Asker: 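Take a look at the following structure, please.
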2 protein chains.
Amino acid sequence: MGATINDVAKRAGVSASTVSRVLSDNPRISEETKQRVRKAVEELNYYPNAIARSLANCATKTIGLILNTEAESLKRNPFFIEALTGISIYAQENGYNVMFAFNKSEEEDLNIAMRYVSSRSVDGIILFTSRTNDKCISFLKKKKFPFSVIGRPDEIKGVLWVDNDNFQATYQVTDYLISKGHTAISFIGGPLGHNVSKDRLEGFKRAMSIHGVPLEKTFLFENGDFSDDFGYECMMKIISAWEAGQNKPTAVVTCDDMQALGVLKAMQEKGLSDIAVTGFNNTPLGMYQSPKLTSVDVNADKLGFYAAKVLIDFIERKEATTHYIVPTNLVERESAF
Amino acid sequence: MGATINDVAKRAGVSASTVSRVLSDNPRISEETKQRVRKAVEELNYYPNAIARSLANCATKTIGLILNTEAESLKRNPFFIEALTGISIYAQENGYNVMFAFNKSEEEDLNIAMRYVSSRSVDGIILFTSRTNDKCISFLKKKKFPFSVIGRPDEIKGVLWVDNDNFQATYQVTDYLISKGHTAISFIGGPLGHNVSKDRLEGFKRAMSIHGVPLEKTFLFENGDFSDDFGYECMMKIISAWEAGQNKPTAVVTCDDMQALGVLKAMQEKGLSDIAVTGFNNTPLGMYQSPKLTSVDVNADKLGFYAAKVLIDFIERKEATTHYIVPTNLVERESAF
DNA sequence: TAAATATGTGCAAACGATTGTATTTTGGCA
DNA sequence: TGCCAAAATACAATCGTTTGCACATATTTA
């Protein structure tokens with residue numbers, strides 16, 4: 001069906017090697033032959049066979065993605081799809097294809113990674129993971145196979161990664177609230193097993209201490225999860241304590257829009273609306289909430305874009321950048337006043 | 001770095017062809033040699049090179065996805081990510097890789113399709129599209145390149161496709177509302193350029209006529225778009241008409257959760273809560289709405305799964321099924337009573 | 001005018017598998 | 001012992017490129 005390099009060679013009256021050199025615009029071929037060959041390419045509608053090319057080059061020009069469906073937020077959070085588009089953009093710009101596989105466990109993640117590297121079907125791998133002590137990371141490191149990670153890994157030495165500055169993100173949110181006059185601020189955190197959570201917690205604490213705002217122990221939920229249930233639960237505790245005579249916060253900083261929804265739900269049930277709430281991740285869920293949620297946009301598309309960039313640039317030995325910090329931005333809406 | 005088939009052959013004291021035959025479990029090789037070869041494979045930790053294999057087989061064992069970011073619902077609707085997981089599952093089960101590319105226009109879609117087929121880097125393509133008169137479809141048809149479509153194409157002859165039964169979906173919704181006693185039902189549709197919209201409209205109409213429920217012209221918004229704005233607009237018209245003395249519907253059938261949100265918003269603004277509303281697509285946005293949205297789940301993961309199945313089965317000449325209809329299911333929540 | 005240097009192309013060996021065909025080995029039987 | 005068929009394995013071509021090196025021709029220099 002498709003024409004091969006030999007067909008082109010024959011038609012142009014040259015050898016296959018010459019055709020190959022014309023295609024890579026090798027200066028050793030005369031302009032005249034180049035014209036002739038290009039005409040033949042045109043006429044035969046010739047496209048190089050990617051597979052044969054890969055075999056000869058020992059490069060597949062494709063990168064593999066390892067995604068995990070364990071993450072419950074997969075559906076709710078547009079993070080993944082945005083990151084995928086970002087990856088796709090940089091990859092396409094540089095002539096790379098992108099492969100993916102969704103896995104259900106760390107075991108499967110590892111299997112796919114092993115298959116990718118041992119069958120040499122990709123030139124590099126992007127890991128969507130924030131597991132501490134990730135098996136894929138150690139495997140790929142040992143194999144010295146090019147890879148990049150979305151989310152800062154435990155041990156950053158010799159690994160390519162991109163991440164938000166999660167510290168700065170909550171710092172900014174907290175600073176914002178303080179600048180609005182809030183002085184009793186609650187914080188609802190995520191699982192401390194993840195670096196994200198630790199950083200966000202620290203950002204909050206730092207902003208508070210810098211501004212000399214006192215940290216109330218009962219307002220602080222350091223170790224939790226990203227669910228609406230957890231947000232609801234925390235807020236209920238706060239409200240109960242208040243009803244029992246304790247202080248009431250005037251603002252709540254959360255680490256996920258879901259948590260914020262939980263907080264809002266608790267407030268609604270108790271008929272409260274005088275507490276400012278901020279979310280995280282800027283999901284549609286927050287956008288269409290009432291009040292519309294002030295939230296932190298993590299720019300997932302940029303995360304994907306730069307994850308692809310560090311990886312591909314590394315593969316092509318273009319640049320020595322090992323990581324990118326993608327800034328977050330605070331999206332001001334109605335819930336934080 | 002990795003061992004090749006020749007290394008294995010040498011170590012097992014046989015030829016490369018024998019190793020190849022052992023790997024494909026060819027009965028012409030004696031059990032004894034098989035043992036020996038397998039031991040060598042084990043010891044050298046040998047994995048076949050996927051590229052070389054592809055070149056020899058004229059099969060890449062990968063399928064390409066053509067996705068479009070034009071669709072604004074990309075972020076809001078978990079449709080895509082769910083469909084991707086479904087595709088990934090069937091592909092992995094059958095030893096296929098999946099490649100994707102996000103494009104910004106039909107032109108780009110076509111470019112990618114052309115690149116995929118002419119560089120022979122995939123064995124088949126899955127199209128995420130519902131454009132009428134899609135250029136990719138006609139291109140792939142002309143090239144006789146294997147592909148499947150998510151969403152029923154205009155001309156189904158000789159094309160593999162999967163879709164929901166959109167007719168049946170709105171029929172069921174309407175039937176459900178009628179069974180609850182509703183007799184004044186409004187319908188808010190999507191763009192009639194898409195088959196989905198036509199089918200949903202027909203399903204509604206049929207259910208109404210079968211049950212002998214009169215169709216009120218002013219309740220019918222046949223040609224619209226899937227936005228919340230459109231839903232809001234329609235509902236406002238209805239309410240204004242009612243305020244001007246016309247009838248008021250007791251229920252509204254929409255074609256998208258976003259439309260339903262718009263409807264709900266209009267109702268809230270007007271202090272109305274006695275009208276039942278149904279959504280479509282069962283997005284998180286609807287789930288966390290108040291009232292929780294009764295909606296239609298399209299089982300996007302299954303759509304993806306079967307799109308991969310028809311395609312891969314066709315490529316491997318396993319089965320002659322040309323399409324699947326994936327049933328939708330009505331998710332009953334609070335908004336339709 | 002011969003030698004030295006550019007300049008442009010072709011040859012052939014990779015890349016790492018698969019597979020049709022040829023060849024060797026084995027075993028049975030006369 | 002010799003012959004033949006069957007069983008097991010090896011050989012070599014092939015898939016479609018790329019690329020180092022050799023070779024031929026054109027151009028300059030002594």
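Letters A, B, ... mirror the listed sequences (proteins, then strands); counts begin at 1. These numbers come from a predicted model, not from an experiment.
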Asker: Would you say Tyr47(B) reaches dG16(C)'s phosphate, i.e. side-chain N/O to OP1/OP2 under 4.0 Å?
Answerer: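 Answer is no, no contact under 4.0 Å.
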Asker: Name the orientation class of the two ring planes belonging to Phe79(B) and Phe128(B) (parallel below 30°, tilted from 30 to 60°, perpendicular beyond 60°).
Answerer: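 Aromatic pair Phe79(B)/Phe128(B) classed perpendicular.
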Asker: Side chains of Asn103(A) and Asp109(A): do they bring a donor and an acceptor to under 3.5 Å?
Answerer: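 Side chains of Asn103(A) and Asp109(A): pair found under 3.5 Å.
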Asker: Chain A on DNA chain D: first and last contacting nucleotide, 5' to 3', under 4.0 Å to a heavy atom?
Answerer: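 For DNA chain D, the relevant span reads dG16(D) to dA22(D).
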Asker: Can you list every pair that meets salt bridge (Lys or Arg N to Asp or Glu O under 4.0 Å) and has a residue in residues 84-104 of chain A, with sequence neighbours left out?
Answerer: none
Asker: Where along residues 37-45 of chain A does a heavy atom fall under 4.0 Å from DNA chain D?
Answerer: none
Asker: Which angle, to the nearest 10 degrees, lies between the helix axes at the two ends of the helix from dT1(C)-dA30(D) to dA30(C)-dT1(D), each defined by five pairs?
Answerer: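 One end axis against the other gives 70°.
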Asker: Would you classify Thr33(B) as touching base, sugar-phosphate or nothing, given that sugar-phosphate means primed atoms plus P, OP1 and OP2, and contacts are heavy atoms under 4.0 Å?
Answerer: sugar-phosphate
Asker: Using ring pair (Phe, Tyr, Trp, His ring centres under 6.0 Å) as the criterion, list what pairs up with Phe102(B), not counting sequence neighbours.
Answerer: Phe100(B)
Asker: Out of curiosity, Ser118(B) OG to Lys143(B) NZ, how far, rounded to the nearest 0.5 Å?
Answerer: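 Ser118(B) atom OG to Lys143(B) atom NZ measures 7.0 Å (nearest 0.5 Å).
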Asker: Knowing that exactly one of Asp123(A), Val149(A), Ile126(A) qualifies, which makes a side chain to side chain contact (heavy atoms under 4.5 Å, CB included) with Leu311(A)?
Answerer: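 Going through the options one by one, the only one that passes is Ile126(A).
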Asker: In whole angstrom, give the distance that lies between atom CZ of Arg36(A) and atom C1' of dG8(C).
Answerer: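 It is 11 Å, rounded to the nearest whole Å.
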Asker: Going by an N to O cut-off under 4.0 Å, is there a salt bridge joining Arg36(B) and Glu31(B)?
Answerer: no
Asker: Assess, by modelled atom type and distance only, whether the side chains of Ser17(B) and Ser20(B) contain a donor and an acceptor separated by less than 3.5 Å.
Answerer: no
Asker: Charged N to carboxylate O under 4.0 angstrom, Glu316(A) versus Lys61(A)?
Answerer: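 Lys61(A) and Glu316(A): salt-bridged.
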Asker: Side-chain polar contacts of residues 42-53 of chain B - donor-acceptor pairs under 3.5 angstrom, sequence neighbours left out - could you list them?
Answerer:
from     : atom 1 : to       : atom 2 : distance (Å)
Glu43(B) : OE1    : Arg11(B) : NH1    : 2.2
Asn49(B) : OD1    : Ile51(B) : N      : 2.7
Asn49(B) : OD1    : Ala52(B) : N      : 3.0

Asker: Could you tell me whether the phosphate oxygens of dT18(C), OP1 or OP2, come under 4.0 Å of any side-chain nitrogen or oxygen in Arg53(B)?
Answerer: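 So the side-chain polar atoms of Arg53(B) do come within 4.0 Å of the phosphate oxygens OP1 or OP2 of dT18(C), strictly under.
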Asker: Whole-Å distance between dT18(C) C1' and Ile5(B) CD1?
Answerer: 8 Å
Asker: Using whole Å, what does the distance between atom P of nucleotide dG16(C) and atom CZ of Arg120(A) come to?
Answerer: 8 Å
Asker: Using the 3.5 Å cut-off, write out each protein N or O paired with an N or O of nucleotides 21-24 of chain C and the distance between them.
Answerer:
none

Asker: Under 4.0 angstrom, heavy atoms only, what part of the nucleic acid is Ser30(A) near: base, sugar-phosphate, or nothing?
Answerer: sugar-phosphate
Asker: So, Lys135(A) and Glu107(A), do they make that salt bridge, N to O below 4.0 Å?
Answerer: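 Counted as a salt bridge, because a side-chain N and a carboxylate O are separated by less than 4.0 Å.
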Asker: If we count only N and O atoms by modelled type, under 3.5 Å, do the side chains of Ser88(A) and Thr85(A) hold a donor and an acceptor together?
Answerer: no
Asker: Which residues pass the ring pair (Phe, Tyr, Trp, His ring centres under 6.0 Å) test with Tyr116(A), not counting sequence neighbours?
Answerer: none
Asker: Using the test ring pair (Phe, Tyr, Trp, His ring centres under 6.0 Å), find all partners of Tyr324(A) that sit at least two apart in sequence or belong to another chain.
Answerer: Tyr306(A)
Asker: Rounded to whole angstroms, how far apart are CG on Asn6(B) and C1' on dT18(C)?
Answerer: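 Taking CG of Asn6(B) and C1' of dT18(C), I get 12 Å after rounding.
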Asker: Could you list, one pair per line, each protein nitrogen or oxygen that sits under 3.5 Å from a nitrogen or oxygen of nucleotides 13-15 of chain C, together with the distance?
Answerer:
from    : atom 1 : to       : atom 2 : distance (Å)
dC15(C) : O2     : Ala56(A) : N      : 3.4

Asker: In whole angstrom, give the distance that lies between atom CD1 of Ile51(B) and atom P of dA17(C).
Answerer: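 So the CD1-P distance, Ile51(B) to dA17(C), works out to 11 Å.
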Asker: If you look at every strand shown and take non-hydrogen atoms under 4.0 Å, does Val14(A) touch a base, only sugar-phosphate, or nothing?
Answerer: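 Since only primed, P, OP1 and OP2 atoms lie under 4.0 Å of Val14(A), the category is sugar-phosphate.
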Asker: With sequence neighbours excluded, what pairs up with Asp301(B) under the side chain to side chain donor-acceptor pair (under 3.5 Å) test?
Answerer: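 For Asp301(B), no residue satisfies side chain to side chain donor-acceptor pair (under 3.5 Å) once neighbours in sequence are set aside.
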Asker: Can you sort out the partners of Tyr90(B) under ring pair (Phe, Tyr, Trp, His ring centres under 6.0 Å), two or more places apart, ordered by chain and number?
Answerer: Phe305(B)
